[in-house]
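Here, residue 1 is the first one in the sequence, and each next residue gets the next number. Whatever order the structure lists ligands and atoms in, that order sets their numbers, starting from 1.
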Amino acid sequence: MEIIHVSAECYPVAKAGGLGDVVGALPRYQNALGHIAKVVMPMYRTKYLYQHSWEVVHKGGANLGNRWFDYTVIKEETNKQGFDLYLVDINGLLDRERIYGYDDDSERFMAFQIAVVDWISRWQHRPDIVHVHDHHTAMIPFMMQHCLAYRQLAGIPTVLTIHNAQYQGAMDWSKSLYIPAWDSWKWGLLEWNNMINPLACGIKCAHRVTTVSWSYLDELKFMSNGLEPLFEYEKGKCSGILNGIDTVVWDPATDHYIDNHFKVTDVQKGKAANKALLCETFGLDPEKPLFIFIGRLVGEKAADLLPGVIGDSFFHIGRKMNYLVLGSGEPQVETQLELLKSFSAGDYNVYIGYNESLSHLMYAGADFLLMPSRVEPCGLNQMYAMRYGTVPVVRQTGGLRDTVVDYGEEGGYGVTHVHASVGDITHAVYRGVQLFEDKKKFRDVRKRMMKLDFSWDASAKHYIDLYKTLR
Ligand code: ADP
């Protein structure tokens, strides 16, 4: 099968979050299954662009309203990522340093989508699947089906994957002029709440819609920034497919960010060595269970509750545990976490900033990872943690619900809680401390987790199975 992924991000070319990770890995795994998966994305001014060599594969032009633009499609020559990678260059619109955050983002991504559809319409053959990701590319199914110039593409099955439904790209109706001549009887497919809503349009027009976990899909039916009834109405074509993790990069036996490597067979020894290093660096006590948090210090991740949890647990449970936080985000949360150091030295520390190598050492040396997220479409941290023998302490939401089973249940291996509240999280910490004190149980849980398979192999196959239902 020939699959063309269209996305605003793709690691390592340009990444702002999980979307980039998925589009940078999934096609490689699909190719390993014997398919031909390609990626097409905008040509931003990134380091990757200048460090690689490119060949021009197509030149074309189209209208964005009454403005004509030329576009060029270039292809990376070495196939280094394990899939064909195409960039669309549109002078003055896409060739910027950042991916998002410009006033004319609607125009930029509209032009990108028009260029992609125009380019595909000129191929000598048809791809088997066009797979679009998030709102920046979600109008492509509409364009392929209802723009007069591209009607010949209407028969190609399309899939939309939603990585984050909070962002929908809504724009004023005056921008309908940007869409290449379209069947105006179909205006209802573009409309949501008196706006053109690209994500809603993609949900209505794509042949299948996926989210990055099953539970996130359920949650979207009652909490999706205004699209709740649409998710309910279209549920028949929606499904959840969990993201995977790159098991080559994230392997405690070979991880080049850590010195003390380990496998499931020598996990006790390996983790103890990493923990000792971590505790020495941050002035913590290696005898106590170490709880860590890694991530953006924002409301979505419930990072604002961390100071309360740390303070309350010391007060109610006693200083039986240590905490180490790595992250950056909202200034008031950063300040509170910094201030807490003066009250809790020896049992708590924080590193404000982004530090890839420290994050690997933390997954390798910690006993527990806190993820009390309010919203978590899939979440990668908990999967990395489990592979490194660190027990996840998570709120039952989105992808966390789908990947972590409480140790109180048959075959369970994590600690779960229901609410994003200081009380509930503190209680989960208490249960974590109890688990840590039961040495045999803790060892068993650790080994069980490390044997779980969160690689892309299974998820890539699920996508292929989904495509097959469309052919
Ligand atoms: P997000 O919603 O932020 O995409 P994910 O769980 O999907 O959350 O992925 C987060 C990724 O970013 C993980 O690889 C995590 O280790 C990494 N990360 C987040 N914050 C930091 C930080 N401050 N330093 C290093 N790595 C970080």
Novice: With atoms numbered from 1 as shown, which atoms in ligand 1 lie under 4.0 angstrom from a non-hydrogen atom of Gly327?
Specialist: 23 (N)

Novice: Hey, do the aromatic rings of Tyr323 and Phe314 have their centres closer than 6.0 Å?
Specialist: yes

Novice: Which atoms from ligand 1 have a heavy atom of Gly353 less than 4.0 Å away?
Specialist: 22 (C), 23 (N)

Novice: Among protein heavy atoms, which sits nearest to atom 16 (O) of ligand 1, and what does the distance come to when rounded to 0.1 Å?
Specialist: Tyr363 OH, 2.8 Å

Novice: Atom 27 (C) of ligand 1: which protein heavy atom is closest, and how many Å away?
Specialist: Tyr354 CE1, 3.3 Å

Novice: Quick one: look up the protein heavy atom nearest atom 8 (O) of ligand 1 and list residue, atom name and how far away it is.
Specialist: Lys301 NZ, 3.2 Å

Novice: Distance only, no hydrogens: is a donor on one side chain within 3.5 Å (strictly under) of an acceptor on the other, for Tyr233 and Glu228?
Specialist: no

Novice: As a quick check of understanding, evaluate side chain to side chain donor-acceptor pair (under 3.5 Å) for Glu219 and Thr397, giving each step before the final call.
Specialist: CA-CA 8 Å; Glu219 289 167 14; Thr397 186; 3.0 Å; yes

Novice: Consider every N or O of Glu356 and every N or O of ligand 1, then say whether any pair is closer than 3.5 Å.
Specialist: no

Novice: Please report which non-hydrogen protein atom sits nearest to atom 3 (O) of ligand 1, along with the residue it belongs to and the distance in Å to one decimal place.
Specialist: Arg296 NE, 2.9 Å

Novice: Could you identify the single nearest non-hydrogen protein atom to atom 19 (C) of ligand 1 and state the distance to 0.1 Å?
Specialist: Gly295 CA, 3.6 Å

Novice: If you measure from atom 5 (P) of ligand 1 to every heavy atom of Asp21, Asn355, Leu380, Asp246, which option wins on shortest distance?
Specialist: Leu380

Novice: Would you verify whether the NZ or CZ of Arg387 falls within 45 degrees of the ring axis of Tyr363 while also being under 6.0 Å from that six-membered ring's centre?
Specialist: no

Novice: Could you check whether Asn322 and Asp347, counting side-chain N and O atoms only, form a donor-acceptor pair closer than 3.5 Å?
Specialist: yes

Novice: Using the rule given for side chain to side chain donor-acceptor pair (under 3.5 Å), can you reason through Gln30 versus Tyr467, listing the C-alpha separation, both sets of side-chain angles and the distance that settles it, and then say yes or no?
Specialist: CA-CA 12 Å; Gln30 291 181 328; Tyr467 302 153; 3.1 Å; yes

Novice: For atom 14 (O) of ligand 1, grab the closest protein heavy atom and report residue, atom and distance to one decimal in Å.
Specialist: Tyr384 CE1, 3.2 Å

Novice: Name the closest protein heavy atom to atom 4 (O) of ligand 1, giving the residue it belongs to and the distance to 0.1 Å.
Specialist: Gly18 N, 3.7 Å

Novice: Run the side chain to side chain donor-acceptor pair (under 3.5 Å) check on Asp312 and Thr426 step by step: do they pass?
Specialist: CA-CA 7 Å; Asp312 273 22; Thr426 308; 4.9 Å; no

Novice: Thr161 and side chain to side chain contact (heavy atoms under 4.5 Å, CB included): which partner among Arg208, His5, His133?
Specialist: His133

Novice: Quick one: nearest non-hydrogen protein atom to atom 10 (C) of ligand 1, plus distance?
Specialist: Asn381 OD1, 3.3 Å

